[in-house]
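Remember, it's a predicted structure, so these values are computed and weren't measured experimentally.
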Amino acid sequence: MVVFRKIFPLIVVTMTLLAINSDKACAADPDMLQDICPADLTSTVKVNGFPCKNTSSTDDFTSRVLLVPGVITNGFGFVATRADVQSVPGLNTLGVSMARVDYAPGGITPPHIHPRASQMIYVFQGQLDVGFITTANVLFAKRIVQGEVFVIPRGLVHYQKNTGRGPATIIAAFNSQSPGTQGISTTLFRSSPPIPNEILAQTFRTNVAHVALLRAIFA
């Protein structure tokens, strides 16, 4: 924890600058029209983002949310802690955010997409197998270790798995204040209302009984 506190500011600054530069080259969010616009998360007004607060303070631009490892409670063996506009209101209109992902040994972030952002991963500790698949169905994959980075283009299916003997942690930077996350398996089998079993059965070239079994697993 002492080592983490010493180098964490450098990680944050470096990855945020990279995300900002990426945002200028290929913006994921609309350009800002004012210097600051801390999000009014209580507003009932619906806009593309959040309305600005009437008044703002330094607290809108700072957070310790990424400092402490998250508590893993799901069967996949990972937990994501986000520093996005929901937890750092000052990010509103700035087009950047970050996340910390902690993994138990063998933990996996199953295939998923971020529909509104490209992503850069920095391995803080451990080693992971990571990969993304292009729309041409080409897999780009690598085992990355502490100190390495891996870039995932916006909207492409990707995954991360801890392949080390101990815990692993990554820090991720996004060129969106709200990148969004859509898991492939949960999207297909836990939507509300549910996708008809017949549709999924035909999609996966199986029968309705098998689809019902998979749906029960993800319930």
Atom of [X], atom of [Y] and distance for their closest heavy-atom approach:
X	Y	answer
Gly155	Ile113	O-CG2, 3.7 Å
Lys142	Phe150	CB-CE1, 4.2 Å
Ala104	Ile72	N-CD1, 3.4 Å
Leu91	Ala83	CD1-O, 3.4 Å
Gln119	His158	OE1-NE2, 3.1 Å

Does [X] belong to the same Ile/Leu/Val/Met/Phe/Trp/Tyr cluster as [Y], with side-chain heavy atoms less than 4.5 Å apart forming each link?
X	Y	value
Val145	Tyr103	no
Ile217	Leu188	yes
Val130	Leu139	yes
Val211	Ile199	yes
Phe61	Leu41	no

### Query
Knowing that exactly one of Ser178, Ser97, Ser176 qualifies, which makes a side chain to side chain donor-acceptor pair (under 3.5 Å) with Asp29?
Ser176

### Query
Between Asp40, Asn92, Asp60, which is the residue that forms a side chain to side chain donor-acceptor pair (under 3.5 Å) with Lys53?
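Testing Lys53 for a side chain to side chain donor-acceptor pair (under 3.5 Å) against Asp40, Asn92, Asp60 leaves exactly one candidate, Asp60.
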
Could you state the interatomic distance from [atom1] ([X]) to [atom2] ([Y]), rounded to the nearest 0.5 Å?
X	Y	atom1	atom2	value
Asn207	Leu213	CG	CG	10.0 Å
Thr109	Gln160	OG1	CD	4.5 Å
Ser63	Arg82	OG	CZ	14.0 Å
Ile171	Gln125	CD1	CD	9.5 Å
Phe132	Ser118	CZ	OG	10.0 Å
Thr206	Asn197	OG1	CG	11.0 Å

Validation row: [X], [Y] side chains within 4.5 angstrom (heavy atoms):
X	Y	result
Pro167	Asp102	no
Val157	Ile184	yes
Val65	Thr81	yes
Leu156	Thr135	yes
Leu200	Arg215	yes
Ile121	Ile152	yes
Ser43	Phe50	no

Side-chain donor/acceptor of [X] to backbone N/O of [Y], under 3.5 Å:
X	Y	answer
Arg165	Pro105	no
Asn175	Ala117	no
His114	Pro179	no
Gln177	Gly95	no
Thr186	Arg190	no
Arg100	Leu66	yes
Arg143	Leu128	no
Ser87	Asp84	yes

#### Entry: Test of ring centre spacing under 6.0 Å for Tyr159 and His112
no

### Task
Assess whether atom CG of Asn74 is packed by more than 12 heavy atoms of other residues, nucleotides or ligands within 6.0 Å.
yes

